[in-house]
Amino acid sequence: MEDTPQDVQMGDGDQGQEIVSAKEEMDIEDTTDPYEQHFGCNSVHLSEAARLSVDERAWNLQKSSRGRLGPTHESIPEGCDPGPSIMKGDAILDRLKKPSNARKGVPKDQHDLRNDLLTTLSTYRDLYLSSSSWENRKPTREAISLHLLNHITKKRRRVIKNNERISNATKAGNEPPEDIQDQGFTRPSVLILLPFRSSALAWFSALTTHTPSPEYQIENHTRFTSEYGLPSGAIDKLATAEPGTYPHDHVETFKGNVDDNFRVGIKLTRKSVKPFTEFYGCDIIMASPLGLRQSIQKEKNADYLSSIEMLVMDQLDALTMQNWDHVKFILDHLNKLPKEAHDTDFSRTKPWYLDGHSEYLRQSILLSAYKTPETRQLYNARLKNVAGKIRTDKRWPPIEVPEGVDQNFLRFECGNPKDETDKRFNYFTTQLLPTILKSAVQSSNTVIFVPSYFDFVRVHNHFRKLSVSFTVLSEYSTNQEISRARQAFFSGQKSFLIVTERFHFYKRYKLRGIRNLVFYGPPDHPQFYSEYLSYPFLDDGVESLDVTCRVLYSKYDWFRLERIAGTEEAIELTKSL
């Protein structure tokens, strides 16, 4: 495939050969290595004390507020001086800022968000935007893209400057300078992980926003649009539907090409952007976790990920609805010592790469609509940036539900998260379900909503042992199975309908015939909760008193519970008994 790594080997130092005029490239602008500026790592090995603090999760915690980003929690390694928490300005090169500064009609709130993001990112600390809204997705991508381009450009200029120093020394008959350590093992320095091809198209658009024609040449643009957009002549029923036909978040997530198996390398020069560059010759790798994992397994190494300096993970809420094991697989192969040399000039390799410590200086940027245990664990355990890390905070209001519907939150006690799935299943099968089956009203027209597919399998198997009529809907159901199950439940042929959250995430069908709702656990997506509570009223003559709702939860459901009940009420619901 054209967008997978080939046998061509190209070291990081190759960057200097693509520029016609090194003097023109410098433009007397700042060429300081970002790591030297923010980490104090110029030609010295990374502090052992800093690494030890990060490995032992010894962080100094503080709260702050960062403009449009809102309240934040900041973690700084104990005993470390990571540099200023607020930078003066955004450190973006003037040449790169020019296109966005020239743009007219940008709303003030988006302009302020862009500036606050760039100021925060310029500290080179990790950033976790844990409640990124649909409305802010485009300006957020554009701001981060500008930061990435700035980093790559400064890195390239430094390499070119040092190439010139070496060339001048050689021409003068002198030994090359020994203080030049400006490269990694391989050229790619940015990795962007995304759920769908449509997401990659949006990010490519954000990148090229800062590299406009005619100054820049966007090579293979038509091909990229063709492969990452919809086929010619195809009609996107989500994008073209009347407003309100589909939920807004569903349209934003699934419009366009939603193939989740892709990977592409992008090379940047002073005058061009070149997608479909083989990995060892590119600057940016843009991929889905599935696509990149298949590439690694095919090549039997991940050397092109050895020198990643910036990791961006967008739409984490969508990635958790895919196979999270793919994400963990990629992170396990990130910033590892390469298996092969790849024409690396080790005399110019930065010392923290040689020491195997590059993960401590990688900046990670995580974007999600909400927090989950998976993404929080990623933030807590996987991010080891010695500059520190920042996560945004949000206090959630209660989700809006149809007036008059009685919501009954049922808590089961659990003292260890490892026992949580067993405790939940035991409570459901021994206390909640028997009560439902004894009720003539609640033992029919009942939907059981199960967030986890593994829990779904367990509940499904339990129902097979019972003398009750039921049907199921999961993300693996065929269109024929979906139609048959919906009709059987609506007509009353089946008393129970067991549904997974991923089914609703991908399909978003409106289900009729519901009178009783049982949430085996709170859904990750808070709007799913309010949607299911509204479905009974699709049928004529249904009153609020006709609808029952029960939510099974433990204290480990905090993130999901907070988004449904609201922060204040969730605190009360999870208080120790």
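Only a predicted model underlies this, so the values are computations on that prediction, with no experimental measurement involved.
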Euclidean distance, [Y] [atom2] relative to [X] [atom1], rounded to 0.5 Å:
X: Arg411; Y: Ser554; atom1: CZ; atom2: OG; value: 8.0 Å
X: Asn426; Y: Thr421; atom1: CG; atom2: OG1; value: 11.0 Å
X: Asn516; Y: Leu497; atom1: CG; atom2: CG; value: 12.5 Å

Cut-off 3.5 Å, side chains only: do [X] and [Y] have a donor facing an acceptor?
X: Thr478; Y: Gln480; value: no
X: Thr392; Y: Ser130; value: yes
X: Arg550; Y: Thr548; value: no
X: Asn335; Y: Ser358; value: yes
X: Thr253; Y: Gln315; value: no

If you take all heavy atoms of Val258 and Phe196, which pair is closest and at what distance?
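Smallest heavy-atom distance, with atoms named: O-CD2, 3.3 Å.
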Tell me, with the steps shown, if Arg512 and Asp539 meet salt bridge (charged side-chain N to carboxylate O under 4.0 Å, His left out).
CA-CA 7 Å; Arg512 298 185 61 185; Asp539 303 325; 2.9 Å; yes
Residue pair Phe425, His462: steps toward the side chain to side chain contact (heavy atoms under 4.5 Å, CB included) verdict
CA-CA 10 Å; Phe425 181 73; His462 181 74; 4.0 Å; yes
Would one find more than 12 heavy atoms of other residues, nucleotides or ligands at under 6.0 Å from atom [atom1] of [X]?
X: Lys394; atom1: NZ; value: yes
X: Leu61; atom1: CG; value: yes
X: Glu400; atom1: CD; value: no

Please determine whether a side-chain nitrogen of the Lys or Arg among Lys255 and Asp236 lies less than 4.0 Å from a carboxylate oxygen of the Asp or Glu.
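Looking at Lys255 and Asp236, the cut-off is not met.
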Any Lys/Arg nitrogen of Asp249 or Arg508 sitting under 4.0 Å from an Asp/Glu carboxylate oxygen of the other?
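Salt bridge flag = yes for Arg508 with Asp249.
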Between Glu374 and Thr320, is the side chain to side chain donor-acceptor pair (under 3.5 Å) condition met? List the steps.
CA-CA 8 Å; Glu374 294 90 348; Thr320 58; 5.6 Å; no
Taking the six-membered ring for Trp, are Phe519 and Phe449 parallel (under 30°), tilted (30 to 60°) or perpendicular (over 60°)?
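The rings of Phe519 and Phe449 sit tilted, inter-plane angle from 30° to 60°.
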ring-ring contact (aromatic ring centres under 6.0 Å, His included) partners of residues 363-394, not counting sequence neighbours, each pair once:
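Listed by first then second residue: Tyr128-Tyr379, Tyr370-His525.
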For residues 441-464, which residue pairs pass the salt bridge (Lys or Arg N to Asp or Glu O under 4.0 Å) check, not counting sequence neighbours?
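Every salt bridge (Lys or Arg N to Asp or Glu O under 4.0 Å) pair that includes a residue of residues 441-464, provided the two are not neighbours, is Asp422-Arg458.
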